[in-house]
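The block underneath contains the structure these notes are about, expressed in structure tokens.
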Amino acid sequence: MTAVPVVPGCTWHPGYLAPADQTALLATLRDLLRQAPLFQPVMPRTGTPFSVRMTNLGSLGWVSDKAGYRYQPHHPVTGEPWPPIPDAILAVWDAVSGYPHPPEACLVNWYGPGARMGLHQDRDEEDLSAPVVSLSLGETGLFRIGGTTRGGRTVPVKLASGDVLVFGGIARLAYHGVDRLLPGTSTLLKDGGRINLTLRRVTKPV
DNA sequence: CAGTAGCT
DNA sequence: TCGC
């Protein structure tokens, strides 16, 4: 498996998932999205909506609303527990994370045309010793990752469908985001757009 | 168009 | 301040 270093602590696995596996995973996701529909998060305090829609799988899911960022065990709209993380996704974590405990959260970010994600840190987890594992499906996203402070150099990565990105260790708190999508770069999603699955360990294992 | 300041 |  190709492992491309991006910045120290961050490794890119281009084409990790074969096209047939991407199609199968997408079918699984579509089924799960019926149980845990996409919702539109908003920024704390201001209520400014995100341009991505999201949902979660796993025992804990990341949400953002006017009260703040947090992990919670239930869907904010339906009140139902998040569906379990499918085995095909857990297998990716097992293969690339180097972490001996399963992820608790699989954040599903759905990028429609024009959606983006400003530079930010993932820092709402209690266990920062586990890496963040990201899996891309659909159109290529212009991803960017830098250091642990704003204002430093950042490195662009074109994350295509099937790519896996891992950032942990010194890169666990790296600023990262998605500038924009490259339209027409994938036919996996009929209407275009991109799905990003982000796997995280939230609590410290007992 | 990338990167950042500055906003509320 | 995971947006603009």
Side-chain angles (χ1 to χ4, degrees), chain A residues 6-7 9-10 12 29 33 36-58 60-77 82 103-128 130-160 163-185 193-203:
Chain A
V6 176
V7 294
C10 176
W12 175 31
L29 285 173
L33 288 187
L38 295 166
F39 61 93
Q40 184 172 41
V42 299
M43 291 294 292
R45 299 170 64 234
T46 63
T48 306
F50 287 46
S51 58
V52 300
R53 292 182 298 158
M54 61 179 58
T55 188
N56 289 270
L57 310 171
L60 291 171
W62 189 86
V63 299
S64 176
D65 58 23
K66 292 186 92 167
Y69 305 145
R70 66 189 173 278
Y71 282 93
Q72 65 180 39
H74 57 272
H75 192 288
V77 177
W82 308 106
E104 294 165 301
C106 176
L107 175 60
V108 180
N109 279 328
W110 193 293
Y111 292 74
R116 51 191 164 146
M117 183 74 78
L119 276 189
H120 67 280
Q121 293 173 297
D122 290 9
R123 55 180 310 156
D124 300 312
E125 302 75 26
E126 179 190 1
D127 184 359
L128 296 176
V132 174
V133 173
S134 155
L135 170 57
S136 299
L137 293 173
E139 289 176 339
T140 297
L142 289 184
F143 176 86
R144 178 173 300 280
I145 187 167
T148 54
T149 59
R150 287 192 186 271
R153 190 178 70 101
T154 60
V155 177
V157 183
K158 287 183 180 179
L159 292 180
D163 289 3
V164 168
L165 191 81
V166 183
F167 51 103
I170 195 176
R172 177 58 181 77
L173 292 175
Y175 276 89
H176 61 281
V178 173
D179 295 346
R180 64 185 177 91
L181 306 188
L182 300 182
T185 46
R194 169 176 186 260
I195 301 170
N196 185 67
L197 307 175
T198 306
L199 301 169
R200 302 189 191 93
R201 180 77 199 190
V202 180
T203 67

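Just so it is clear: chains get the letters A, B, ... in the order the sequence lines come, proteins before strands, and each one is counted from 1.
Atom-to-atom, CZ of Phe143(A) to P of dA2(B) comes out at 15 Å; the value is rounded to the nearest Å. Rounded to whole angstrom, the span from the OH atom of Tyr175(A) across to the P atom of dG3(C) amounts to 12 Å. In this structure, Arg45(A) atom CZ and dC7(B) atom C1' are separated by 11 Å, rounded to whole Å. In this structure, Leu119(A) places its CG atom 10 Å from C1' of dT4(B), rounding to the nearest Å. In this structure, NZ of Lys66(A) is placed 15 Å from P of dT8(B), rounded to the nearest angstrom. For Arg150(A) and dG3(B), the CZ to P distance is 13 Å, given to the nearest whole Å. When the P atom of dT1(C) is taken as reference, atom NE2 of His176(A) falls 16 Å away, rounded to whole Å. Residue His120(A) contributes atom NE2, which lies 8 Å from atom P of dG3(C) at whole-angstrom precision.
No salt bridge links Arg194(A) with Glu139(A); every basic N to acidic carboxylate O contact stays at or beyond 4.0 Å. We find that Arg200(A) and Asp127(A) are not joined by a salt bridge, their nearest charged nitrogen and carboxylate oxygen being 4.0 Å or further apart.
In this model, the phosphate group of dC4(C) is approached by a side-chain N or O of Arg116(A) to a distance below 4.0 Å at OP1 or OP2. The phosphate of dG3(B) (OP1 or OP2) has a side-chain N or O of Thr154(A) nearer than 4.0 angstrom.
At a threshold of 4.0 angstrom between heavy atoms, the contacts of Gly118(A) are confined to the sugar-phosphate backbone, with no base atom among them. Pro41(A) comes within contact range of no nucleotide atom at all, as no heavy-atom separation falls under 4.0 Å. Using a 4.0 Å heavy-atom cutoff across all strands shown, Asp124(A) reaches at least one base atom of the nucleic acid.
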Practice item. Determine, step by step, whether Asp122(A) and His176(A) satisfy the side chain to side chain donor-acceptor pair (under 3.5 Å) criterion, reporting the C-alpha distance in whole Å, the side-chain angles of both residues, the deciding distance to 0.1 Å, and the verdict. Key: CA-CA 9 Å; Asp122(A) 290 9; His176(A) 61 281; 3.2 Å; yes

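Nearest to the side-chain atoms of Thr48(A) among the listed nucleotides dG3(B), dC1(B), dG3(C) stands dG3(C). Among the nucleotides dC1(B), dT8(B), dG3(C), the one closest to the side chain of Phe50(A) is dG3(C). Comparing atom distances between the Asp179(A) side chain and each of dA2(B), dT8(B), dG3(C) picks out dA2(B) as nearest. In this structure, the nucleotide among dA2(B), dT8(B), dG3(C) sitting nearest to the side chain of Met43(A) is dG3(C). Distances from the side chain of Thr46(A) to the nucleotides dA2(B), dG3(C), dT8(B) place dT8(B) closest.
At a cut-off of 3.5 Å, with distance as the only test, a side-chain donor of Glu125(A) or Tyr71(A) sits close to an acceptor on the other residue.
Residues Leu165(A) and Val6(A) meet the side-chain proximity criterion, which asks for heavy atoms closer than 4.5 Å.
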